[in-house]
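Reviewing the structure listed below.
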Amino acid sequence: MTRPFRFGVNLMSPAPAGEWRAKCRRAEELGYDVILAPDHLGMPAPFPALVAAAEATERPRLGTFVLNAGFWNPALLAREVATTDALTDGRLELGLGTGYVQAEHETAGLPWGSPGERVDHLRRTVEELERLLGSEDQQPQPVQKRVPLLIGANGDRMLRLSAEHADIAAFTGARTRDGGVLEPLAAEELDERVALYRKLAAGRAEPAELNLLIQIVIVTDDPGAAIQPWLSRIPHLTEQQVLELPIVLVGPLDDIVERVRAQRDRFGFSYLTVLEPNMEVFAPVVARLRET
């Protein structure tokens with residue numbers, strides 16, 4: 001059964017109270033289903049930002065996209081999650097990942113560790129959160145019986161963790177290189193990642209919602225010219241290869257709409273997230289795909 005589309009926007013730029021609330025209201029007006037906050041130094045602290053978003057809006061869900069598990073102690077995180085879920089009237093969706101920027105850990109005075117150690121820490125965090133938030137002894141209590149869990153993943157162990165625990169499986173559409181550089185995956189590589197996830201998740205009682213983070217959105221009749229400023233950032237790919245990346249949506253509006261539908265058919269991505277700079281430009285796509 002094909003899931004209906006959902007659309008989220010990740011609000012990354014710090015802003016005073018009035019400006020923050022205004023852009024949250026604008027996201028709601030544009031039809032976004034989820035207002036999201038990242039977890040990077042230099043960006044808004046996610047939980048207070050989501051509480052403020054809830055006060056300014058009525059309909060959208062509120063989510064972290066995604067928390068860096070290395071920044072958090074599970075017991076303290078459980079308190080934050082339960083409090084935020086209560087203060088947002090049960091609208092919270094919790095997104096978790098391992099973190100990928102070593103410099104942020106160094107600035108915060110926190111251990112970085114190996115990739116395996118970071119996955120181990122995330123697994124412990126997920127399992128402890130499930131235990132704490134599912135306990136009647138937890139205080140405060142969340143409003144939702146289960147706060148939906150999103151896990152951002154690409155590697156084999158992360159996909160297994162997502163298959164075992166996540167209500168929403170978020171695909172980064174990229175692999176992480178040294179220094180926190182993200183290298184995008186071609187469609188064929190993403191096919192393989194999704195296929196592995198589906199194999200690992202075959203025994204689930206309920207299938208998860210699949211999410212993809214879209215990095216570039218440009219509505220244009222000249223996609224070749226529009227993508228030129230981005231080519232230097234991905235020098236190993238040709239112009240056509242960049243335009244064909246699943247995390248890139250560049251072209252006429254009708255073409256982008258059809259491509260989003262085709263990617264849902266191919267990969268199963270019914271929940272798409274865009275970054276704040278693309279909130280307005282992606283809105284016509286949201287409008288066209290609503291209820292489809």
Side-chain angles (χ1 to χ4, degrees), residues 2-3 5-13 27 30-34 36 38 65-66 100 152-155 159 169-198 209-290 292:
T2 302
R3 283 182 181 264
F5 282 113
R6 284 206 308 160
F7 303 100
V9 57
N10 211 20
L11 300 182
M12 307 179 296
S13 300
L30 292 173
Y32 286 94
D33 302 286
V34 194
L36 300 154
F65 198 88
V66 293
Y100 63 92
N154 180 64
L159 290 173
F171 289 78
T172 59
R175 62 176 64 87
T176 305
R177 295 303 190 194
D178 292 341
V181 176
L182 295 177
E183 181 179 285
L185 300 180
E188 294 75 17
E189 295 174 297
L190 193 52
D191 276 328
E192 187 273 331
R193 295 287 84 193
V194 173
L196 176 59
Y197 168 81
R198 292 191 186 281
E209 184 178 35
L210 302 191
N211 169 276
L212 181 66
L213 172 61
I214 303 296
Q215 294 282 349
I216 304 173
V217 184
I218 306 172
V219 177
T220 176
D221 290 328
D222 190 353
I227 205 66
Q228 290 304 311
W230 296 90
L231 296 183
S232 62
R233 305 186 191 187
I234 322 173
H236 63 290
L237 298 181
T238 67
E239 174 186 302
Q240 188 59 37
Q241 287 172 325
V242 172
L243 289 171
E244 291 174 355
L245 291 171
I247 60 174
V248 172
L249 296 175
V250 178
L253 177 59
D254 287 347
D255 290 358
I256 291 176
V257 168
E258 289 310 309
R259 185 153 181 226
V260 170
R261 289 194 179 109
Q263 291 198 160
R264 181 176 62 175
D265 292 341
R266 177 174 182 173
F267 303 107
F269 299 133
S270 59
Y271 175 15
L272 300 183
T273 301
V274 297
L275 303 174
E276 182 176 347
N278 295 322
M279 181 172 77
E280 294 283 346
V281 71
F282 191 66
V285 181
V286 172
R288 290 277 294 274
L289 291 169
R290 181 59 59 211
T292 65

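Sequential numbering from 1 along the given sequence is applied to the chain's residues. All values below were derived from every heavy atom in this structure, side-chain atoms included, with hydrogens, water molecules and symmetry-related copies excluded.
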inquiry  = Under the rule for side-chain hydrogen bond (donor to acceptor under 3.5 Å, both in side chains), what residues qualify as partners of Asn278, not counting sequence neighbours?
reply    = none

ask   = How would you list, by chain and number, every residue that makes a side-chain hydrogen bond (donor to acceptor under 3.5 Å, both in side chains) with Arg193, sequence neighbours excluded?
value = Asp156

note = Between Leu237 and Pro184, the two heavy atoms sitting closest are CD1-CG, 4.5 Å

query = Among all residues two or more places apart in sequence or in another chain, which pass the salt bridge (Lys or Arg N to Asp or Glu O under 4.0 Å) test with Arg198?
reply = none

note = Tightest non-hydrogen contact, residues Gly173 and Leu190, listed as CA-CD1, 4.4 Å

inquiry  = Tell me every residue that passes side-chain hydrogen bond (donor to acceptor under 3.5 Å, both in side chains) with Thr273, counting only those two or more places apart in sequence or in another chain.
reply    = Asn211

inquiry  = If you define the side chain from C-beta out and look only at heavy atoms, does anything of Val250 sit under 4.5 Å from Ile216?
reply    = yes

ask   = Could you give the distance from CG (Asp255) to CG (Leu243), rounded to the nearest 0.5 Å?
value = 11.5 Å

inquiry  = Check Asp33 with Arg290, please: is the shortest side-chain N to carboxylate O separation under 4.0 Å?
reply    = yes

query = Do you know which two heavy atoms are closest between Leu210 and Gly268, and how far apart they sit?
reply = CB-O, 3.4 Å

key: Residues in side chain to side chain contact (heavy atoms under 4.5 Å, CB included) contact with Ala187, at least two apart in sequence or another chain   = Pro246, Arg266, Phe267

ask   = Residues in side chain to side chain contact (heavy atoms under 4.5 Å, CB included) with Val260, at least two apart?
value = Phe5, Leu249, Ile256, Leu272, Val285, Leu289

Where at least one partner belongs to residues 276-287, residue pairs that pass salt bridge (Lys or Arg N to Asp or Glu O under 4.0 Å), sequence neighbours excluded = Lys23-Glu276, Arg26-Glu280

Below 3.5 Å, can you tabulate the donor-acceptor pairs from side chains in residues 218-231 to any protein atom, sequence neighbours excluded?
| unit_1 | atom_1 | unit_2 | atom_2 | d |
| --- | --- | --- | --- | --- |
| Thr220 | OG1 | Asp222 | N | 2.9 |
| Asp222 | OD1 | Ala225 | N | 3.3 |
| Gln228 | NE2 | Gly224 | O | 2.9 |
| Gln228 | NE2 | Glu239 | OE1 | 2.7 |

query = Under the side chain to side chain contact (heavy atoms under 4.5 Å, CB included) test, which residues partner Ala287, sequence neighbours left out?
reply = none

remark   = Residue set satisfying ring-ring contact (aromatic ring centres under 6.0 Å, His included) with Phe65, at least two apart, ordered chain then number -> none

note = Here the pair of heavy atoms bringing Glu189 nearest to Arg175 is OE2-NH2, 2.6 Å

message = Side chains of Glu244 and Val242, heavy atoms from C-beta outward: is any pair under 4.5 Å?
response = no

key: Student check: side-chain heavy atoms of Asp254 and Arg288 closer than 4.5 Å   = yes

ask   = Can you tell me how far the OG atom of Ser270 sits from the CZ atom of Arg6, to the nearest 0.5 Å?
value = 8.0 Å

Tyr197 side-chain N/O to Asn154 backbone N/O, donor-acceptor pair under 3.5 Å = no

task = Go through the structure and list residues passing side-chain hydrogen bond (donor to acceptor under 3.5 Å, both in side chains) with Gln263, not counting sequence neighbours.
result = none

key: For Thr238, all residues meeting side chain to side chain contact (heavy atoms under 4.5 Å, CB included), sequence neighbours excluded   = Gln240, Gln241

ask   = Under a 4.5 Å cut-off applied to non-hydrogen side-chain atoms, are Leu11 and Leu36 in contact?
value = no

query = Do Phe7 and Val274 come within less than 4.5 Å of each other through their side chains, counting heavy atoms only?
reply = no

query = How long is the span from the CG atom in Leu245 to the CD1 atom in Ile234, to the nearest 0.5 Å?
reply = 6.0 Å

query = Side chains of Tyr100 and Leu182: closer than 4.5 Å at any heavy-atom pair?
reply = yes

message = Under the criterion side-chain contact (heavy atoms from CB on, under 4.5 Å), I'd like the reasoning laid out for Leu213 against Thr172: C-alpha separation, chi angles, the key distance, then a yes or no.
response = CA-CA 6 Å; Leu213 172 61; Thr172 59; over 6 Å; no

query = Is the NZ or CZ atom of Arg264 positioned over Phe269's six-membered ring, under 6.0 angstrom from the centre and within 45° of the axis?
reply = no

task = Check whether any side-chain heavy atom of Phe171 sits under 4.5 Å from a side-chain heavy atom of Leu159, and report yes or no.
result = yes

key: Least distance between heavy atoms, Val286 atom then Leu30 atom   = CG1-O, 3.9 Å

